[in-house]
There are 2 protein chains.
Amino acid sequence: MKPSVGIRDVAQHAGVSNATVSNVLNRPDVVAPATRQRVLAAIEQLGFVRNESARQLRAGRSRVLAYVVLDAANPFFTDVARGVEDAAREAGLALFLCNSASDGGREREYLELLHEQRVEGILITPVDTESAQLAERGTPIVLVDREATDGTRCSVAVDDVLGGELAVTHLIENGHTRIAMVGGPLSIQQVRDRREGALRALRNAGLPDDALTFLETKSLQVSEGRGAGERLVGLPASRRPTAAFCGNDLVALGLLQSMTQQGLRVPDDLAVVGYDDIDFAAAAAVPLTSVRQPREQLGRTAAQLLLAENEPDHEHRHVKFQPELVVRASTAIRRR
Amino acid sequence: MKPSVGIRDVAQHAGVSNATVSNVLNRPDVVAPATRQRVLAAIEQLGFVRNESARQLRAGRSRVLAYVVLDAANPFFTDVARGVEDAAREAGLALFLCNSASDGGREREYLELLHEQRVEGILITPVDTESAQLAERGTPIVLVDREATDGTRCSVAVDDVLGGELAVTHLIENGHTRIAMVGGPLSIQQVRDRREGALRALRNAGLPDDALTFLETKSLQVSEGRGAGERLVGLPASRRPTAAFCGNDLVALGLLQSMTQQGLRVPDDLAVVGYDDIDFAAAAAVPLTSVRQPREQLGRTAAQLLLAENEPDHEHRHVKFQPELVVRASTAIRRR
DNA sequence: CCTCGATGTTGAAACGTTTTAACACCTGAG
DNA sequence: CTCAGGTGTTAAAACGTTTCAACATCGAGG
């Protein structure tokens, strides 16, 4: 069960010193072919597995990156993760995914552990914007899909204000003047930004701020979208919004489900715009208009910034991508 | 940047020995309150972060579980992962997710690394059924959503033969006699099992085996479903199946998209059954009939088996759950 | 006053690697 | 025959913890 066969056992079995075994493992070219074969045979025979803890303790390096994800069940983040992993892999590093599940406590625990593990770097989409938990502790950290407000670290984000503006401008152009924004909690910077963008769109169009009804949800998950749908339908028809801009696609899908379930039609009774343009958005009951973000590029860039962090003259950078509106059936012009 | 402040620095700063600092960290109750405060202050002040490598090297334990997932982008696996994480967390362990992305090479690399890291245990949904890569190397391994054929380790699975049977029986009852099965590759045990179940359903109904057309795909992803859809539509109408049983929901969603795109209606022109019943199945363009698996329970049970692995008189167990058919619009009885 | 047990603290030995500098040996040039 | 230089191997010193046995100190019981 627990073989616990170390480098010394291998050395003894092969009739060499442990230094030679280490050389076989790390610089095979430096050891004579015959010896090398003998050592490899011994390794095979004894079932030796190198102890990474010891290696890391001595060598200082760790060969792994970690990405602490806000919600592993949201395809948006797994797409970002793919970009991260591609970049990590190119640099010869492995990627560990950690799911904070929007729970500050878990997030803190994972960060603590990752710091203690001395991973090469941490990518994180944090729960709170300004969490003190991100204090500098020696391991480089890059913010993903969030903007670092202070200059203490790199970040890669997408212009959420612009995204909100694109979405709501589109709705206004389609003739909507009573619009709901569904999402939350407001502690999430992105929700605030997207709302700000929405308001900007209203002002650009000369509409009053209260043309936007904000329905705050507790999280950005499908179930919350369903709940919001019920709240929406509960409103008197005269005051009910004719369009909804959702904090992300999961919420939008929930809202969609709730609408059909309650006998309302999308987009006729309610137009819906999502956010992220996850693959499932196009496959939805009513294909979803959504704001697309360059997901994989986001991850890839974040990883690259992280890897550049160790360079001598490193300066923290804040990369910001542009979102893009993808129009589908859920916001088709409504019949008059 | 690299503080590299160790336990000895803390000790010196607090005027105690390193053993005492270690005690404060691991057995706070054993050290006098006054001393403890002093040490904690020093830790805080110096920004000390315990080095997990050294701790693990000495202590032998590692406080982390890993789940090597077949496809992080498939919500099925993230749901399973949630179950795993809940159970791990209850046992005071953290969970690292690794994405093999159906790539045997990546899988091998991750396993290697995890073995070297001496994680407490590994959960894996392997790429190949009988991969030699899973050779015993001292770290307990439990198979998730796969059945261990030999008795060398635990596994938690769902009865895929039964699942296939349920799905196809349902289609037959709806009057279909030309049925396609879309999925692959056949190297995946589950695909084979589900096909076997499908054939069993045919036989039970007195239909010939060639009532089932097997369309093999290269993977179980959305894009493959789309591709299969084109192949299906390419068939002459007289020989074209009237129903499709898909290897999983992603493939089914792809197929669905492809159908609408090509102007065919579901379920009228083609009935579709998926597998897994991920949350998006219910929200699809045409809500998807699917075979539900107890996802979180699968993960939770797997983690529990893994944790039991260290018990003295452990015997490997193979838990098998029952799937359940969830009928929705994608297989509504077709009009005559 | 002595002894005993309880309570806190500590020195030093691990844990399993990597690495450095030194060493032995050999070959070919002078 | 000697020596310079190359090639291959090694002894021993880290790396930063945890743990164990031993050591003070102190109050109470005899």
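Proteins get letters first, then strands, A, B, ... in listed order; numbering begins at 1 in each. Hydrogens, waters and symmetry mates play no part in the numbers below; they use all other heavy atoms, side chains included.
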Select base, sugar-phosphate, or nothing to describe what Thr35(A) touches, counting heavy atoms under 4.0 Å on all strands. sugar-phosphate
Could you work out which one of dG8(C), dG16(C), dT18(D) sits closest to the side chain of Ala32(B)? dG8(C)
Whole angstrom is fine here: how far is it from CG in Asp9(A) over to C1' in dT17(C)? 13 Å
Residue met sooner reading DNA chain D from 5', once Ala19(A) and Asp29(A) are mapped to nucleotides: Asp29(A)
Under 4.0 Å, heavy atoms only, any strand: does Arg27(B) hit a base, just the sugar-phosphate, or nothing? sugar-phosphate
Closer to the 5' end of DNA chain D via nearest nucleotide, is it Arg8(A) or Val31(A)? Val31(A)
Shortest side-chain distance from Ser17(B), nucleotide among dT10(C), dT17(D), dG8(C): dT10(C)
Is a donor from one side chain sitting under 3.5 angstrom from an acceptor on the other, for Arg61(B) and Gln56(B)? no
Separation of dT17(C) P from Arg118(B) CZ (nearest whole Å): 7 Å
Could you state the CZ-P distance from Arg55(B) to dA14(C), rounded to the nearest angstrom? 21 Å
Would Lys320(A) and Val158(A) count as a side-chain contact (heavy atoms from CB on, under 4.5 Å) here? Give the steps. CA-CA 5 Å; Lys320(A) 197 171 219 172; Val158(A) 180; over 6 Å; no
Tell whether Arg58(A) reaches the base of dT18(C) with its side chain through a donor-acceptor pair below 3.5 angstrom. yes
Between P of dT17(D) and CD of Glu116(A), the distance in whole Å: 10 Å
Whole angstrom is fine here: how far is it from CG in Asn26(A) over to C1' in dT19(C)? 10 Å
Side-chain donor-acceptor contact under 3.5 Å, Asn26(A) with Ser22(A): yes
Just compare dT17(D), dT10(D), dG16(C) and give me whichever is closest to any side-chain atom of Leu57(A). dG16(C)
